[in-house]
Chemist: 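Sharing a structure here in structure tokens format.
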Amino acid sequence: MKTRILEFLKTTDDYFSGEELSRRLNISRSAVWKNIRELRKEGYDITAVPHRGYLLKSVPDCLTSREIQYNLKTKILGQNIIHFDEVSSTMDVAFQLGVDGAPEGTVVFAEQQTKGRGRLGRTWNSPKGKGIYCSMILRPAMTPTDVAKMTLLTAVAVCEAIEQTTSVHPCIKWPNDLLVGSKKIAGCLTELSAEMDRVRFVVVGVGINVNTPLKFLPDTATSLKAELKEQVNRSELVRSFLLTFETWYKQVLENGFDSVLERWKELSSTLGSKVRVTEVGKSFEGEAVGLDEYGGLIIKIPSGEVIKRMTGDVELIF
Ligand code: BTN
């Protein structure tokens, strides 16, 4: 009922009559008032004026299902949303939900993570209410070896969603870093539960530095707000990401990864660049020349030899 009341209030910048609300929703005036009081407790700023009705002045800046699902155009992703004020990591929560049988498309959001993590054991700084920290449960009919390419799909979807909702144009550093200039603005992480030849489920995690002040981030990172000098609406960015991701995901399930890999190449700053690859303490340099069929990076080293890597840290050398 609260969601339906909000839907009516969001249709106008003016007051919406209480009488009209009670008629349209077929509930009493006092039931309308009770729901309005509860919405206020959730952070919705609603003014009530006798004989005029209710005016929605502002909505809370949080990633609850009520906010995300408003105008959400997806069919699967985000139809089931679980929201926390604080968790250790949305990856852990989503993984457990996956084990417990949560449906495909379930998305876990947190306002804050105390142990947000990235690739290669790194931490992901997750200050309260500033970034987007989410993990999605997927149950794709694909082999475990294909799952590495889901990280590339995710990076493409985050990149396109940022481009659709802001004037920032990030590029992708293999495999999953989104950069603005040389600074990281978002990252993606894919974890898997599988048998030898069958995927049980995949958890795709995304972290985006949205309104994050630079004091919370390492020197190598930036945020959308720092780039744009203005606040960015997190729910709008999430809706755009979920729709973009779902569109690519359906395309991959129907036709395979070819188009997503092509799009990744267009958005990537890695291919054609000189790179330094570091893996367990050792590093080597070369030119990134392509992606293999598993989404691995192909590097040509100075001797002319061609090397493929599925993991490791890649630095662009200018
Ligand atoms: C990386 O760049 O190495 C990946 C970063 C992934 C961060 C996100 S934030 C939401 C989800 N929960 C986590 O603990 N990590 C991912």
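Atoms within each ligand, like the ligands themselves, are counted from 1 in listed order.
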Chemist: Run the numbers for me: atoms of ligand 1, each under 4.0 Å from some heavy atom of Cys188, listed by number.
Modeler: 4 (C)

Chemist: Does atom OH of Tyr294 have more than 12 heavy-atom neighbours, drawn from other residues, nucleotides or ligands, at distances under 6.0 Å?
Modeler: no

Chemist: Quick one: look at Ser135 and ligand 1, take heavy-atom pairs under 4.0 Å, and tell me if it's side chain, backbone, both or neither.
Modeler: side chain

Chemist: Just to verify, which of Glu42, Lys10, Arg66 counts as forming a side-chain contact (heavy atoms from CB on, under 4.5 Å) with Val59?
Modeler: Lys10

Chemist: Give yes if a backbone or side-chain nitrogen or oxygen of Ser89 is under 3.5 Å from a nitrogen or oxygen of ligand 1, and no if not.
Modeler: yes

Chemist: So does Asn255 have more than 12 non-hydrogen atoms from other groups sitting under 6.0 Å from CG?
Modeler: yes

Chemist: With a cut-off of 6.0 Å (strictly less than), are more than 12 heavy atoms of other residues, nucleotides or ligands near CG of Asp100?
Modeler: yes

Chemist: Report, in ascending order of atom number, the atoms of ligand 1 lying under 4.0 Å from any heavy atom of Gly207.
Modeler: 7 (C), 8 (C), 9 (S)

Chemist: Which of the numbered atoms in ligand 1 are below 4.0 angstrom from a heavy atom of Arg117?
Modeler: 5 (C), 6 (C), 7 (C), 13 (C), 14 (O), 15 (N), 16 (C)

Chemist: Do Tyr249 and Glu104 pair up side chain to side chain, a donor and an acceptor below 3.5 Å, judged on atom types alone?
Modeler: yes

Chemist: Mark up the atoms of ligand 1 that fall under 4.0 Å of a heavy atom belonging to Gly116, in ascending order.
Modeler: 14 (O)

Chemist: Taking the minimum heavy-atom distance to atom 2 (O) of ligand 1, which of Glu191, Lys184, Arg119 ranks first?
Modeler: Lys184

Chemist: Are Glu160 and Thr244 linked by a side-chain donor-acceptor pair shorter than 3.5 Å?
Modeler: no

Chemist: Given Thr90, Asp177, Ile208, identify the one with the heavy atom nearest to atom 10 (C) of ligand 1.
Modeler: Thr90

Chemist: Excluding sequence neighbours, so at least two apart, what forms side chain to side chain donor-acceptor pair (under 3.5 Å) with Gln79?
Modeler: Thr74

Chemist: Could you tell me which atoms of ligand 1, counted from 1 in the order shown, lie closer than 4.0 angstrom to a heavy atom of Gly118?
Modeler: 1 (C), 3 (O), 4 (C), 5 (C)

Chemist: Could you list the atoms of ligand 1 found under 4.0 angstrom from a heavy atom of Cys134?
Modeler: 10 (C), 11 (C)

Chemist: Is the distance between the ring centroids of Tyr54 and Phe8 less than 6.0 Å?
Modeler: no

Chemist: Checking a contact table here: which protein heavy atom is nearest atom 12 (N) of ligand 1, and how many Å away?
Modeler: Gln113 OE1, 2.9 Å

Chemist: Going by heavy atoms, is Arg122 under 4.0 Å from ligand 1?
Modeler: no

Chemist: Between Val206 and ligand 1, which residue portion shows a heavy-atom distance shorter than 4.0 Å: side chain, backbone, both, or neither?
Modeler: backbone

Chemist: Would Thr278 and Glu315 count as having a side-chain donor-acceptor pair, cut-off 3.5 Å?
Modeler: no

Chemist: Check this for me - ligand 1, Trp124, N or O atoms closer than 3.5 angstrom, yes or no?
Modeler: no

